[in-house]
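To start, the structure itself, in structure tokens.
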Amino acid sequence: MPAAVFPTEPLELRSLVCHPALPDGAVSGIAVTLAAGPDGLVIRYRLDGDLAALRVPDPATPLPPERLWAYTCFELFVAQAGVAGYREFNFSPNGQWMRFDFADYRQRIASPASPAPRIETRRDAAGLELDVTLGVEQFPPGDLSIGLTAVVEHADGSHAYWALRHPAAQPDFHHRDGFALALKAVNS
């Protein structure tokens, strides 16, 4: 299967919204920018808020890779237009990542080995930024539906859920109506 080729112009900045059932008083906003780079797609997540009120994974403390989503984590969901299957990526501020493949809604299948993305995390007084570069081989060719999401763990252990769109009464990042960004890719 040929890899996706992304448009070279920068894609627009997107703001995530917190799920209204679980408000987040520690985070003032999460923005995501996507752009094509020489090595693939570059995704920048920017969380603005009080980091002291959050649990942000540290590089010195590895987490169970299959459960990165249970901690502060940034996520990307990718589906080929018209195809039931999709892919989920989890990116931790500690530098870990995980990929899950699904045949249909929450029907997980084996994920073939793939090159690790490049992940860079920066913290400042206003929050944190996480840059991810995913190679084009991680994406199917053709038009894509993208879900951009984040799980934020608070110091008290509670969680807030951020996404482009929340189509359900409870947080559900796997809901296809939440894959709210259309990305036109050109087949190589």
Is there a continuous path of hydrophobic side-chain contacts, each under 4.5 Å between heavy atoms, that joins [X] to [Y]?
X: Val78; Y: Leu134; answer: yes
X: Phe91; Y: Ile146; answer: yes
X: Val152; Y: Phe173; answer: no
X: Val151; Y: Phe89; answer: no
X: Leu54; Y: Leu68; answer: no

Inset, instruction - Only pairs at least two apart or in different chains count here, so list each ring pair (Phe, Tyr, Trp, His ring centres under 6.0 Å) that has a residue in residues 14-51. - result: His19-His166, Tyr45-Phe74
Inset, instruction - Run the salt-bridge test on Asp131 and Arg118 with the 4.0 Å N-O cut-off and return the result as yes or no. - result: no
To check you understand the geometry: which heavy-atom pair defines the closest contact between [X] and [Y], and what is its length?
X: Leu148; Y: Leu16; value: O-CD2, 3.4 Å
X: Arg176; Y: Ala79; value: NH2-CB, 3.1 Å
X: His159; Y: Leu22; value: O-CB, 4.0 Å
X: Pro112; Y: Ala110; value: CD-O, 3.8 Å
X: Pro171; Y: Tyr161; value: CG-CD1, 3.6 Å
X: Ile30; Y: Ala150; value: CD1-CB, 3.8 Å

Legend entry - Evaluation steps, side-chain contact (heavy atoms from CB on, under 4.5 Å), between Leu63 and Ser92: CA-CA 9 Å; Leu63 300 171; Ser92 174; 4.0 Å; yes
Legend entry - Residues which pass side chain to side chain contact (heavy atoms under 4.5 Å, CB included) with Ser15, listed by chain and number, not counting sequence neighbours: none
Legend entry - Under the side chain to side chain contact (heavy atoms under 4.5 Å, CB included) test, residues paired with Ala53 that sit two or more places apart: Ala26, Asp50
Under the salt bridge (Lys or Arg N to Asp or Glu O under 4.0 Å) definition, can you give me all pairs with a residue in [range], not counting sequence neighbours?
range: residues 160-169; result: none
range: residues 152-164; result: Arg55-Glu153
range: residues 29-38; result: none
range: residues 102-112; result: Glu66-Arg108, Arg106-Asp172

State the [atom1]-[atom2] distance between [X] and [Y], to the nearest 0.5 angstrom.
X: Leu34; Y: Leu76; atom1: CG; atom2: CG; result: 7.5 Å
X: Asn90; Y: Met98; atom1: CG; atom2: CE; result: 8.5 Å
X: Leu128; Y: Arg122; atom1: CG; atom2: CZ; result: 10.0 Å
X: Leu47; Y: Asp24; atom1: CG; atom2: CG; result: 8.0 Å
X: Leu164; Y: Asp177; atom1: CG; atom2: CG; result: 13.0 Å

Inset, instruction - Return yes if some donor-acceptor pair links the side-chain N/O of Ser28 with the main-chain N/O of Asp48 below 3.5 Å, else return no. - result: yes
Inset, instruction - Identify, with sequence neighbours excluded, every residue that meets ring-ring contact (aromatic ring centres under 6.0 Å, His included) alongside Phe179. - result: Phe77, Tyr86
Inset, instruction - Take Gln107 and Ile109, measure what side-chain contact (heavy atoms from CB on, under 4.5 Å) needs, and give me the verdict at the end. - result: CA-CA 7 Å; Gln107 293 179 9; Ile109 56 176; 5.9 Å; no
List for me each residue that meets side-chain hydrogen bond (donor to acceptor under 3.5 Å, both in side chains) alongside [X], sequence neighbours excluded, and say none if there are none.
X: Gln138; answer: Arg99, Ser114
X: Arg123; answer: none
X: Arg67; answer: none
X: Arg87; answer: Asp101

